[in-house]
*Asks:* 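Mind having a look at this structure? Questions to follow.
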Protein chains: 2
Amino acid sequence: MKRNSRLSLALHTLSHMAGSPDRLRTSAEIAEHSGTNPVVVRRVLGKLRQAGLLISEKGHSGGWRLALKPEDITLADVYLALDERMVATNEPSEASVCSVEYALHERVSRVLEEIEESLVRKLSETVISDVHGVKEDGEYQ
Amino acid sequence: MKRNSRLSLALHTLSHMAGSPDRLRTSAEIAEHSGTNPVVVRRVLGKLRQAGLLISEKGHSGGWRLALKPEDITLADVYLALDERMVATNEPSEASVCSVEYALHERVSRVLEEIEESLVRKLSETVISDVHGVKEDGEYQ
DNA sequence: TACTAATGCAACTGTGAAAGTTACGAATAA
DNA sequence: TTATTCGTAACTTTCACAGTTGCATTAGTA
């Protein structure tokens, strides 16, 4: 598994689940599909559980399933659940003690913030069932 | 200097330059403003030079200046010059040999690709002079 | 010419965040 | 009571990137 691929792993898994929402999938199973390992899967999906997008069941024949209908989960929900900020802003450097420098830094930060917001708005336009695709493709076992 | 801060460094520097486009600034000077060091600055700005956004002059009294007017440089130009892809897609895992898996991976990739494109479109709506701000703020020496 | 100040670049080290791994406790179905 | 699964902590590994050093090249200046 590559770097910064948690969003990709999450989307892949949720889309997969959209195909058969009632079935429980184990971390091991998902890990195999994603080319990674169960603990990493639990880490990533744990964030989605905290956000109320997934439900996990412990014990024998436990596993993961969607907490909502695939058409009610937007990509923004997933992105925000993972708590990643792609267009991150930086701390002001020591040089920014000067007020002019500080003002410039503020403006750069504000612009990046706006870009981040527009990214989230864009993400909210697509839902998981859109990613899963049309029914002709059949179900993913 | 923090992680993934190259875009921030680039925007900060270009915005700064927008204040007095004719003045040459040395890497050392820029580094001090940004709280980093000259070689890192040359690395980042070198990408912008390759993209035709900046001009560098070697030798005594050399340095960096804008190659274009601040109102002709969009944030998308800067982002693309740095060759960073914030919404990265993954290689298909070994599990994707199955055609259904492969198709799903393709769809996830396509969605992420569209998000990336929309990010660039959004970035292209802002130019460097917008970031520099209105004239009342005065020039940045 | 010699000197100085700047970029360009290669090669290397240091760092930190995220992936990967191991281990074990808790929960739950069979 | 046994097997299976998640939850989580602790640790190691990996890797991209910042940081650093050194030197060649370029160009202005005395």
Side-chain angles (χ1 to χ4, degrees), chain A residues 1-10 12-13 17 23-67 79 81-86 88 90-91 93-95, chain B residues 1-10 12-13 17 23-67 82-86 88 90-91 93-95:
Chain A
M1 199 185 171
K2 276 212 199 142
R3 191 144 219 277
N4 209 23
S5 55
R6 286 173 298 180
L7 179 60
S8 182
L9 167 59
H12 194 97
T13 304
M17 288 176 166
R23 192 173 141 232
L24 281 175
R25 291 150 212 270
T26 67
S27 306
E29 194 180 345
I30 294 164
E32 198 157 8
H33 271 137
S34 309
T36 180
N37 72 77
V39 178
V40 173
V41 168
R42 287 201 281 268
R43 251 181 230 155
V44 175
L45 299 194
K47 294 254 192 186
L48 304 185
R49 178 173 38 77
Q50 285 169 27
L53 307 180
L54 283 179
I55 289 169
S56 66
E57 293 178 14
K58 287 182 171 183
H60 202 166
S61 72
W64 300 85
R65 62 184 174 83
L66 296 180
Y79 174 73
L82 293 179
D83 207 29
E84 295 182 335
R85 311 213 55 194
M86 293 196 168
N90 276 19
E91 299 300 309
S93 68
E94 320 80 52
Chain B
M1 201 181 172
K2 275 210 199 142
R3 188 145 217 275
N4 209 24
S5 55
R6 286 173 299 181
L7 179 60
S8 181
L9 167 61
H12 194 96
T13 304
M17 287 175 166
R23 192 171 143 236
L24 280 174
R25 289 150 212 270
T26 67
S27 306
E29 194 180 346
I30 295 165
E32 198 156 9
H33 271 137
S34 309
T36 180
N37 73 78
V39 179
V40 173
V41 169
R42 286 202 280 269
R43 249 182 232 156
V44 175
L45 299 194
K47 293 253 192 186
L48 304 185
R49 177 174 37 77
Q50 284 169 27
L53 306 180
L54 283 179
I55 289 170
S56 65
E57 293 179 14
K58 287 183 174 182
H60 202 165
S61 74
W64 300 85
R65 62 185 174 82
L66 296 179
L82 293 180
D83 207 29
E84 296 181 336
R85 313 215 53 193
M86 294 196 168
N90 275 20
E91 298 300 308
S93 67
E94 321 78 54

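To find a chain, count down the sequence lines: A is the first, B the second, and so on, and within it residues start at 1.
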*Asks:* Looking at A:Ser27, does any N or O in its side chain come under 4.0 Å of the phosphate oxygens OP1/OP2 on D:dC6?
*Replies:*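 For A:Ser27, the contact criterion (side-chain N or O under 4.0 Å from OP1 or OP2 of D:dC6) is met.
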*Asks:* For B:Leu45 and C:dA6, give me the distance from atom CG to atom C1', rounded to whole Å.
*Replies:*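 After rounding, the reported distance stands at 14 Å.
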*Asks:* Considering only C:dC9, D:dG19, D:dT8, which nucleotide approaches the side chain of B:Val40 most closely?
*Replies:*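 Comparing C:dC9, D:dG19, D:dT8 against the side chain of B:Val40, the answer is D:dG19.
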*Asks:* Give A:Gly46 one of three labels, base, sugar-phosphate or nothing, depending on what nucleic acid heavy atoms sit under 4.0 Å from its own.
*Replies:*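 It contacts nothing in the nucleic acid.
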*Asks:* Roughly how many Å is it from NE2 in A:His60 to P in D:dC6, rounded to a whole number?
*Replies:*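 About 12 Å, once rounded to whole Å.
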*Asks:* Separation of A:Arg6 atom CZ from C:dA19 atom P, in whole Å?
*Replies:*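 Taking atom P of C:dA19 as the reference, CZ of A:Arg6 is at 5 Å.
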*Asks:* Side-chain N or O of B:Arg43 less than 4.0 angstrom from OP1 or OP2 on C:dA10?
*Replies:*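 The answer is no; no side-chain N or O of B:Arg43 sits under 4.0 Å from OP1 or OP2.
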*Asks:* Evaluate the side-chain proximity of B:Met17 to B:Leu54: yes if any heavy-atom separation is below 4.5 Å, no if none is.
*Replies:*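 A side-chain contact under 4.5 Å exists here.
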*Asks:* Hey, are the side chains of B:Thr13 and B:Arg25 touching, using non-hydrogen atoms and a 4.5 Å cut-off?
*Replies:*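 No, their side chains stay 4.5 Å or more apart.
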*Asks:* Taking only side-chain nitrogens and oxygens of B:Thr36, does any of them come within less than 4.0 Å of OP1 or OP2 of D:dG19?
*Replies:*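 Affirmative; the distance criterion is met.
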*Asks:* Quick check on DNA chain D: between B:Gly59 and A:Pro38, whose nearest nucleotide comes earlier from the 5' end?
*Replies:*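 Its nearest nucleotide being more 5', the pick is A:Pro38.
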*Asks:* D:dC6 phosphate, OP1 or OP2: any side-chain N/O from A:Thr26 under 4.0 angstrom?
*Replies:*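 Looking at the OP1 and OP2 atoms of D:dC6, neither is under 4.0 Å from any side-chain N or O of A:Thr26.
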*Asks:* Any donor-acceptor pair under 3.5 Å linking the side chain of A:Ser5 with the backbone of A:Ser8?
*Replies:*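 No, because the side chain of A:Ser5 does not come within donor-acceptor range (under 3.5 Å) of the backbone of A:Ser8.
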*Asks:* Just wondering, do A:Val39 and A:Arg42 contact through their side chains at under 4.5 Å, heavy atoms?
*Replies:*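 Yes, side chains in contact.
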*Asks:* Starting at atom CD of A:Gln50, determine the distance to atom P of D:dC6, rounded to an integer number of angstrom.
*Replies:*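 Result: 16 Å.
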*Asks:* Could you state the atom-to-atom distance from CE of A:Met86 to C1' of C:dA18 in whole Å?
*Replies:*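 Interatomic distance, CE of A:Met86 to C1' of C:dA18: 14 Å.
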*Asks:* Ignoring backbone atoms, test whether A:Arg25 places a side-chain nitrogen or oxygen under 4.0 Å from the OP1 or OP2 oxygen of D:dT5.
*Replies:*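 No, A:Arg25 has no side-chain N/O under 4.0 Å of OP1/OP2 on D:dT5.
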*Asks:* At under 4.0 Å, does any side-chain N or O of A:Arg42 touch on OP1 or OP2 of D:dC6?
*Replies:*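 Yes, A:Arg42 has a side-chain N/O under 4.0 Å of OP1/OP2 on D:dC6.
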*Asks:* Just so I know, are the side chains of A:Ser27 and A:Leu45 near enough to count as touching, which here means a heavy-atom distance under 4.5 Å?
*Replies:*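 They are not in side-chain contact.
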*Asks:* Within this structure, what is the CD1-to-C1' distance between B:Ile55 and C:dA6, rounded to whole angstrom?
*Replies:*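 Result: 16 Å.
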*Asks:* Calculate the interatomic distance between A:Asn37 atom CG and C:dA18 atom P; express it in whole Å.
*Replies:*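 My rounded result for the distance is 16 Å.
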*Asks:* Rounded to the Å, how far apart are A:Lys58 NZ and C:dC24 C1'?
*Replies:*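 Between C1' of C:dC24 and NZ of A:Lys58: 12 Å.
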*Asks:* With respect to the phosphate group of D:dT5, does any side-chain polar atom (N or O) of A:Ser56 fall under 4.0 Å of OP1 or OP2?
*Replies:*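 For D:dT5, OP1/OP2 do not have a side-chain N/O of A:Ser56 under 4.0 Å.
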